[in-house]
Amino acid sequence: MTPLERLDRYLTGEQGKSPATRSAYLADAQLLLTLAGDTAMENLTPREIRGFVRRMKSQGHDHRSIARRLSAWRGWFKLLVREAGFASNPVEGIKAPRAARKLPRPIGVDEAQGFLEHLDEDDPLARRDRAMYELAYSAGLRVSELVGAELADFRDEGRTLQVLGKGGKSRQVPVGDYARQALDNWLVDRASLVQPGETALFLNQRGRRMSTRAVQLRLAEWSTKLGLADRLHPHRLRHACASHFLQGSQDLRATQELLGHSSIATTQVYTRLDFQHLASVYDAAHPRAHASDDEADT
């Protein structure tokens with residue numbers, strides 16, 4: 001009995017897989033046989049399996065399909081070790097490549113400032129929202145840090161804020177002038193809304209601490225109300241703060257400290273954003289960025 005026949009019998013009998021599932025497993029198995037070529041199944045090594053992974057990746061297979069195939073192959077070899085006397089499972093411990101990290105779509109400086117300035121309405125909750133989003137953009141706060149902020153967290157006469165970030169790590173972030181002005185306006189309204197004993201900086205209309213979901217929904221509502229092409233969410237304001245700060249300072253370590261990243265590798269995503277910004281400006285502005293149609297054909 002060939003390894004493929006043994007797998008088919010196992011899927012049909014012991015596993016009782018549906019025809020569709022059985023067909024998918026057999027297709028993954030057939031792919032392995034195709035990649036192996038003249039090499040017998042029992043002679044495949046982890047090194048060759050890793051080579052197959054690299055080949056699939058170079059051919060455009062995404063990380064999910066590669067992971068699924070590795071899982072199918074791993075199970076197949078496990079069966080062959082148990083029933084066909086194979087010495088080892090060469091797929092054991094082999095992992096699929098990580099998914100490519102998606103870069104956040106940056107908000108332009110003008111776009112961010114235009115949005116914030118249009119929040120200035122004669123309404124206590126609008127003034128609260130202006131203060132929240134000015135602070136998020138000014139200090140690069142996560143939404144959890146925003147709703148977790150307390151009145152007592154301000155330092156240096158409101159110029160800095162003590163933030164409790166991921167993993168219980170504390171950091172001190174600067175508060176820009178626009179954010180401070182918006183916060184001063186909100187604090188007048190807060191005094192008339194707050195319930196006894198509530199210490200949160202930002203309150204809902206019942207005078208209690210806001211939830212992260214409420215912050216997200218309010219920002220989505222503002223995106224619709226102001227007719228923005230893309231819906232905003234709190235993390236995009238954090239991304240905007242990071243990319244604009246890095247573009248202006250060119251200081252990766254300071255950006256890491258501002259955002260509270262434990263690893264600078266996490267912050268380095270913004271260097272790629274910065275390069276994308278540079279590349280788009282270059283393409284649009286540099287007289288030698290593109291050849292003319294006549295030159296391109298020569």
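Residue numbers start at 1 and run along the sequence shown.
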Engineer: Over 60° means perpendicular and under 30° means parallel, so tell me whether Y133 and F115 are parallel, tilted or perpendicular.
Structural biologist: tilted

Engineer: Any heavy-atom pair between the side chains of L219 and Q216 that's under 4.5 Å?
Structural biologist: no

Engineer: Using a 4.5 Å cut-off on heavy atoms from C-beta on, say whether the side chain of M41 contacts that of W76.
Structural biologist: yes

Engineer: In plain terms, say whether R127 and D122 are close enough for a salt bridge, that is, a side-chain N and a carboxylate O under 4.0 Å apart.
Structural biologist: yes

Engineer: Determine, step by step, whether E48 and R55 satisfy the salt bridge (Lys or Arg N to Asp or Glu O under 4.0 Å) criterion, reporting the C-alpha distance in whole Å, the side-chain angles of both residues, the deciding distance to 0.1 Å, and the verdict.
Structural biologist: CA-CA 10 Å; E48 287 166 319; R55 194 186 308 178; over 6 Å; no

Engineer: Does any N or O in the side chain of R238 come within less than 3.5 Å of the main-chain N or O of L259, such that one atom is a donor and the other an acceptor?
Structural biologist: yes

Engineer: Determine whether a donor-acceptor pair (N or O, by modelled atom type, separation under 3.5 Å) exists between the side chain of R190 and the backbone of F202.
Structural biologist: no

Engineer: Is it the case that over 12 heavy atoms from other parts of the model lie below 6.0 angstrom from the CD atom of E157?
Structural biologist: no

Engineer: Atom CG in N89, atom CZ in R74: separation rounded to 0.5 Å?
Structural biologist: 7.5 Å

Engineer: Do L164 and L146 share a hydrophobic cluster, counting only Ile, Leu, Val, Met, Phe, Trp and Tyr and linking them when any side-chain heavy atoms are less than 4.5 Å apart?
Structural biologist: no

Engineer: Show, in sequence, the C-alpha distance, side-chain angles and deciding distance for R68 and D28, and conclude whether the salt bridge (Lys or Arg N to Asp or Glu O under 4.0 Å) test is met.
Structural biologist: CA-CA 9 Å; R68 190 199 70 234; D28 289 338; 3.0 Å; yes

Engineer: Verify the cluster assignment for F154 and Y178: are they in a single hydrophobic cluster under the rule of side-chain heavy atoms below 4.5 Å apart?
Structural biologist: no

Engineer: Specify the closest pair of heavy atoms between S138 and A179, including all atoms of both residues, with the distance to one decimal.
Structural biologist: CB-CB, 3.9 Å

Engineer: Between S211 and V147, is any pair of side-chain heavy atoms under 4.5 Å apart?
Structural biologist: no

Engineer: What closest approach, in Å, do G148 and D153 show between heavy atoms, and which atom pair accounts for it?
Structural biologist: O-OD2, 4.2 Å

Engineer: Establish whether V215 and L217 are linked, either directly or via other cluster members, by ILVMFWY side-chain heavy-atom contacts under 4.5 Å.
Structural biologist: no

Engineer: Supply the atom-to-atom distance L116 CG to D129 CG, rounded to the nearest 0.5 angstrom.
Structural biologist: 11.0 Å

Engineer: Between atom OG1 of T199 and atom CZ of R209, what is the distance when rounded to the nearest 0.5 Å?
Structural biologist: 5.0 Å

Engineer: Which heavy atom in F77 sits nearest to a heavy atom in L44, and how many Å separate them?
Structural biologist: CZ-CD1, 4.0 Å

Engineer: Taking the side chain as every heavy atom from C-beta outward, state whether L79 and F86 have any pair of such atoms under 4.5 Å apart.
Structural biologist: no

